[in-house]
There are 2 protein chains.
Amino acid sequence: MGKGVGNEVGKVAGKVAGMSEDQPGVTGSLAHRVPDLGALELLLAVARLGSLGAAAREVGITQPAASSRIRSMERQLGVALVDRSPRGSRLTDAGALVTDWARRIVEAAQAFDAGAQALRDRRDSRLRVAASMTIAEYLLPGWLVALREGRPDTAVSLHAGNSAAVAERLLSGEADLGFVEGLTVPTGLDSAVIAHDRLIVVVAPGHAWARRRRGLAAAELAVTPLILREKGSGTRQVLDTALGGLARPLIELSSTTAVKAAAVSGAGPAVLSELAVGEELALRRLVGVPVEGVSLARDLRAVWPTGHRPTGPARDLLSLTRG
Amino acid sequence: MGKGVGNEVGKVAGKVAGMSEDQPGVTGSLAHRVPDLGALELLLAVARLGSLGAAAREVGITQPAASSRIRSMERQLGVALVDRSPRGSRLTDAGALVTDWARRIVEAAQAFDAGAQALRDRRDSRLRVAASMTIAEYLLPGWLVALREGRPDTAVSLHAGNSAAVAERLLSGEADLGFVEGLTVPTGLDSAVIAHDRLIVVVAPGHAWARRRRGLAAAELAVTPLILREKGSGTRQVLDTALGGLARPLIELSSTTAVKAAAVSGAGPAVLSELAVGEELALRRLVGVPVEGVSLARDLRAVWPTGHRPTGPARDLLSLTRG
DNA sequence: CTTGCCCATAAGCCCAGTTTATGCCCCCAT
DNA sequence: ATGGGGGCATAAACTGGGCTTATGGGCAAG
């Protein structure tokens, strides 16, 4: 067997000056080292069905194509993934692990797909949703994936904006269901709490606050320049209220992502929804700073025009968000 | 402006009989609806750098290639992603959202890549890790990504197995650092607790237990047939100990994934690490059942041969896992 | 020992994504 | 005002990965 890696794939594609792309090690963008989605889906199908041929049929290609694709994936990764026998194929130990990791990529792709589809549908959709940025970013794609499983032919359209924009779309009849994250419910709307969120103060691991054990007081937070979302964002509103209207920006950025990036790079303390920083906290790229006597909790709410209790698709989606 | 979508891309590629692939709706596998990793990376670069050309340089392609690729991504998604101007390109609102979703795919791909690379390196690696399945599956890829950021040229190899296998590799000198999830530390090894985990009882939302408010007692759990990992797995050991050695299997499955799938499909209650079911709980595909008077907590530990305190790369990795 | 399911190999096709090679637009500095 | 430089678009030609069809060989069960 052997790995048979006598290949000379690279061949130094560009004669261009630019890039230095020759080390054998960890070079070449992700896309060159990670199989594409089609291959990963195929692998999942093989894992589930126990046969290359059956998996091929499921994803709509022929058996030789599946065989070759799995094989080239094994070559690419340098790891045997499946044990082929005349009676079927089973994953190797390494294959099982790879498959589990692959599943996470595929799940992220499903969320992407569900979201993107909602962004497009605009017109003829049976359910028009308006959501605040944080919710649209972190929660909604998952809900849409779940909705698609339960009600495969509900076409959903999505519009993201701040609370005011959500309210406006609902009241003008441009949206059927909204999601907001502020402290107050815009007038003219009814609401139901669907989840709880909390803002947390985060710093890069090197920051002095990273080792703090005693909670920060409101006063202290108020006098410290912070990396913040822009005024008008739900996040900012909650913080301003909690501190008594005087959060002091070090910089104002217009997206959660930008705030995270700035915080990770050590620019200073940031205040963000815990939804946004789960991964970063787990990997210790950011550290949470305890706070004391400041209420940074906030409710996430579904909202709809007063009186128009959600029905049909809107109710379906709503029931997925909390029960 | 308009979308300028006069395309007739499809052109019904295959003359083959096979597939019926014509409905405009939600057909065609994910891979056809989600841009490939290269395109997503390019999009992230555009978001960060504010220019197609600069992004192109960063990912190592030419400007026209980048332009065309972004454009075909926009066509594929049916959404304008970037505002092109003679002075650069900025994301549209929709583009910003899409980019955030794309980032999650790319991050999953990075974890996959780091893991796969470790599976391959086998030989000449400077750090040889042995880990239990749950840790290898859920935690390690993230650590490896972080390690790669901090120490780009640490080649890591990974071997996954149960606690006994981890211990064996460490003691025989085939591994430098191990991670286990059992209750007891194998003899001959020193350890440090790096995180806490908890087993939880989960059921499909339709199950009677899903609406339970009072905690399950050990006795009740012990007499109920459960979906479980096989004997010998860390998960199973903890459960058996907690119940007094008598967990009653409804089915025994050899992977966490299989257990999850069975539980989601409503086969019965399952007992799993909370690491494994985060996503499922959030989306309510599974519901946690409260337990009472049963200690299902367990420590996750790093382990190494007694006396050989981790140094060098092993210490680097260790310090990422908790501090 | 034949039928069915499995996988592998071989040869040829096709399209997506690239690369060069241009051209236009806008801003800024000279 | 006038060139220069950064930025984007379009066009034509090349390449290769992945697909399909067409086979062949192993193993099990009727």
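No hydrogens, no waters, no symmetry mates; every other heavy atom, side chains included, goes into these values. Computed from a predicted model, the values in this text were never measured in an experiment. Naming convention: chains lettered A, B, ... in sequence-line order (proteins, then strands); numbering from 1 in each chain.
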Any side-chain N or O of [X] less than 4.0 Å from the OP1 or OP2 oxygen of [N]?
| X | N | answer |
| --- | --- | --- |
| Ser67(B) | dC8(D) | no |
| Thr62(A) | dT20(D) | yes |
| Arg57(A) | dC6(C) | yes |
| Arg84(A) | dC6(C) | no |

[X] side chain: which of [options] is closest?
| X | options | result |
| --- | --- | --- |
| Pro86(A) | dC27(D), dA8(C), dT10(D) | dC27(D) |
| Arg71(B) | dT20(D), dC7(C), dT10(D) | dT10(D) |
| Pro64(A) | dT9(C), dC7(C), dA21(C) | dT9(C) |

Send over the distance from [X] [atom1] to [N] [atom2], rounded to a whole Å.
| X | N | atom1 | atom2 | result |
| --- | --- | --- | --- | --- |
| Arg69(A) | dC19(D) | CZ | C1' | 10 Å |
| Ile70(A) | dA8(C) | CD1 | P | 10 Å |
| Ile61(A) | dG18(D) | CD1 | C1' | 9 Å |
| Arg90(A) | dC7(C) | CZ | P | 12 Å |
| His32(A) | dG17(C) | NE2 | P | 13 Å |
| Glu74(A) | dA8(C) | CD | P | 9 Å |
| Asp83(A) | dC27(D) | CG | P | 15 Å |
| Leu52(B) | dC24(C) | CG | C1' | 16 Å |

| message | Check Arg285(B) with Glu107(A), please: is the shortest side-chain N to carboxylate O separation under 4.0 Å? | response | no
| message | Can you confirm whether Leu97(A) sits close enough to Trp101(A) that some side-chain heavy atom of one is under 4.5 Å from a side-chain heavy atom of the other? | response | yes
| Taking the side chain as C-beta and beyond, is there a heavy-atom pair between Asp113(A) and Leu144(A) under 4.5 Å? | no
| Using a cut-off of 4.0 Å on non-hydrogen atoms, how would the nucleic acid contact of Ser51(B) be classed: base, sugar-phosphate, or nothing? | sugar-phosphate
| said: Mind checking if Ser85(B) touches a base, just sugar-phosphate, or nothing, with heavy atoms under 4.0 Å? | reply: sugar-phosphate
| Hey, which of these two, Arg87(B) or Asp36(A), hits DNA chain D nearer its 5' end, going by closest nucleotide? | Arg87(B)
| query | Given Ser67(B), which of Val82(B), Leu52(B), Thr62(B) fulfils the side-chain contact (heavy atoms from CB on, under 4.5 Å) condition? | reply | Leu52(B)
| message | Quick check for you: to the nearest 0.5 Å, what is the distance between Thr235(A) atom OG1 and Met133(A) atom CE? | response | 10.5 Å
